[in-house]
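Here is how names work: the chains are called A, B, and so on, in the same order as the sequence lines, proteins then strands, and each is numbered from 1.
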Protein chains: 2
Amino acid sequence: MTEKSRPLRADAARNRARVLQVAYETFAEEGAGVPIDEIARRAGVGAGTVYRHFPTKESLFQAIVADRLQQVVERAREQAAADPGEGLYAFLFHMAEQGATDLGLTEAFAGIGFDLAAALPDAEKEFTGMMAEILTQAQRAGTVRSDLDVADIKTLIVGLQAMRRFRGDSELMHRVYPVIRAGLAAPDASPDGATDASA
Amino acid sequence: MTEKSRPLRADAARNRARVLQVAYETFAEEGAGVPIDEIARRAGVGAGTVYRHFPTKESLFQAIVADRLQQVVERAREQAAADPGEGLYAFLFHMAEQGATDLGLTEAFAGIGFDLAAALPDAEKEFTGMMAEILTQAQRAGTVRSDLDVADIKTLIVGLQAMRRFRGDSELMHRVYPVIRAGLAAPDASPDGATDASA
DNA sequence: TCCTAAGCGGAACGAGCGCCCCGATTGTAT
DNA sequence: ATACAATCGGGGCGCTCGTTCCGCTTAGGA
């Protein structure tokens, strides 16, 4: 984004990269609630150093979320290109697995203490756009029912991540994924009440 | 549980009931993170009064969760008795709707900062037992696929609550419920890979 | 090698919150 | 009505955490 007006001193650049890497790992493990002091300690720097490179804790978190979203978008586009019918499912279950390994991303995506669209509008738009593409492809291929839109898929991702986090053992999620998949592959709601949910 | 060795003074009993009621509403709105001072203010008492009736914030939260679980269990048993085939679905979507109105219960159930089985073992056992009953009934009635157990249903509830919380508008969840329902009603995994999820 | 400014670390500040303490208040038995 | 004990309220303690400050260190050009 912002081109550095002057190159960072070598040690400063090293520290910045180290903080970013450690912060990514720490946010993934502990979520956004982790203290800055903890990140500084793990990175072997003082808290002041973290704050010189990132003005607030929030901005550090944003930098990491933006990077992770970019990775996810690229991966999903590749997989959808290789197999349009399976692309959405691959993406969905990959996002679900993130629930186990990346709490920070999961929180950001679920909007827990973080407004993705407000904080990173560009990243959010690209993410949403990518989802629209692979959803359309899957629907065109006939592998996903056609009465769902991008917002529904986002909702399902939030749910899948919560489930995956709740179930520590990934083995056990293979009992739940087929249920979701069967639901998504089912034909659109028919006139009888069979697929209507009246609580 | 503990019989009062001596009856509470009239004003004390009134305050206790008031705190319990207000705490329930507040935990539902804001979750377990809400400060005790906030509950005390809303109840029109001092923080000291809250702590005389409940030794810790945690114990107050537990009392409320236990009560809510009891209500949910009763409701679910009634609905399952009225219609065994629909009982599980009614329960599932009712729990999902709790995601919108009762953040405290949702957090407790998802295990966010709260170990349900450790804190309220009896309530947890009765809850799990009830779920086993209505799941078995639904499977016997043929409305739910037979390759799922209670742990899978718990997982789905956590996911549904997260989805419902993510989607502020209940209207929109009626686009997602049918998907889950279709997945649960689907036949057991067949030999072909159609319902297998390979990420 | 020397000088200067960029960079560093960690003490310290202020705000938020769980929980405790104690003088003031008030219900209730007599 | 009186006295006593139960109860009340809210200020305060101790701790956590985000952020700032500033004296010390050191990279790197001359």
Side-chain angles (χ1 to χ4, degrees), chain A residues 2-23 26-27 29-65 103-104 107-108 112-115 119, chain B residues 2-23 26-27 29-65 103-104 107-108 112-115 119:
Chain A
T2 307
E3 292 308 309
K4 36 205 157 193
S5 48
R6 203 180 336 181
L8 281 177
R9 226 169 68 177
D11 56 341
R14 206 178 315 131
N15 277 333
R16 187 181 198 285
R18 196 169 164 64
V19 165
L20 214 43
Q21 172 64 22
V22 168
T26 311
F27 280 140
E29 283 174 32
E30 318 275 354
V34 74
I36 284 288
D37 284 16
E38 171 69 14
I39 293 172
R41 175 170 33 259
R42 290 201 200 189
V45 301
T49 298
V50 175
Y51 277 97
R52 189 155 336 87
H53 293 300
F54 303 92
T56 63
K57 182 186 180 181
E58 176 84 1
S59 71
L60 173 58
F61 190 61
Q62 282 180 19
I64 287 164
V65 169
L103 180 53
E107 288 177 341
I112 297 175
F114 188 80
D115 187 338
Chain B
T2 308
E3 291 309 308
K4 34 203 157 192
S5 48
R6 203 178 336 180
L8 280 178
R9 225 168 69 176
D11 58 339
R14 207 178 315 131
N15 276 334
R16 187 181 199 284
R18 195 169 165 65
V19 165
L20 214 43
Q21 173 64 20
V22 168
T26 310
F27 281 139
E29 282 173 34
E30 318 274 356
V34 74
I36 284 289
D37 284 16
E38 171 68 14
I39 293 172
R41 176 170 32 259
R42 290 201 200 189
V45 301
T49 299
V50 176
Y51 278 99
R52 188 153 340 86
H53 293 301
F54 303 93
T56 64
K57 183 185 180 181
E58 175 84 1
S59 72
L60 174 58
F61 190 62
Q62 282 181 18
I64 288 165
V65 169
L103 180 53
E107 288 176 342
I112 296 174
F114 188 81
D115 187 338

Run the salt bridge (Lys or Arg N to Asp or Glu O under 4.0 Å) test against B/R41 and tell me which residues pass, sequence neighbours left out. B/E38
Could you state the CD-C1' distance from B/E38 to C/dG18, rounded to the nearest angstrom? 15 Å
Test side chain to side chain contact (heavy atoms under 4.5 Å, CB included) applied to A/N15 and A/V45, A/L8, A/V50, the passing residue: A/V45
Atom pair CG/OG1 of B/L60 and B/T26 - distance to nearest 0.5 Å: 9.5 Å
Rounded distance (nearest 0.5 Å) linking atom OG1 of A/T56 with atom CD1 of A/I36: 8.5 Å
Starting at CG of B/D37 and ending at C1' of C/dC19, how long is that distance when rounded to a whole Å? 10 Å
Counting only N and O atoms by type, is there a donor-acceptor contact under 3.5 Å from the side chain of A/K57 to the main-chain atoms of A/P35? no
Between atom CD of B/Q21 and atom CZ of B/R42, what is the distance when rounded to the nearest 0.5 Å? 12.0 Å
Listed by chain and number, what are the ring-ring contact (aromatic ring centres under 6.0 Å, His included) partners of A/F61, not counting sequence neighbours? A/F27, A/F114
Using the heavy-atom set of chain A and a strict 4.0 Å cut-off, write down the first and last nucleotide of DNA chain D that makes it in, 5' to 3'. D/dC17 to D/dG28
Taking all atoms of both residues into account, what is the closest heavy-atom pair of A/R18 and A/A43, and its distance? NE-O, 2.7 Å
A correct 5'-to-3' footprint of nucleotides 20-30 of chain C, with B, S and - meaning base, sugar-phosphate only and no protein heavy atom under 4.0 Å, is ------BSS--
Can you name the residues that form a side chain to side chain donor-acceptor pair (under 3.5 Å) with A/R9, not counting sequence neighbours? A/D11
Rounded to the nearest 0.5 Å, what separates atom CD1 in B/I39 from atom CG in B/L20? 10.0 Å
DNA chain D contacts made by residues 29-36 of chain B, counting heavy atoms under 4.0 Å: none
Check this one for me: any side-chain N or O of A/H53 less than 4.0 Å away from OP1 or OP2 of C/dG7? no
Whole angstrom is fine here: how far is it from CG in B/L60 over to P in C/dC17? 16 Å
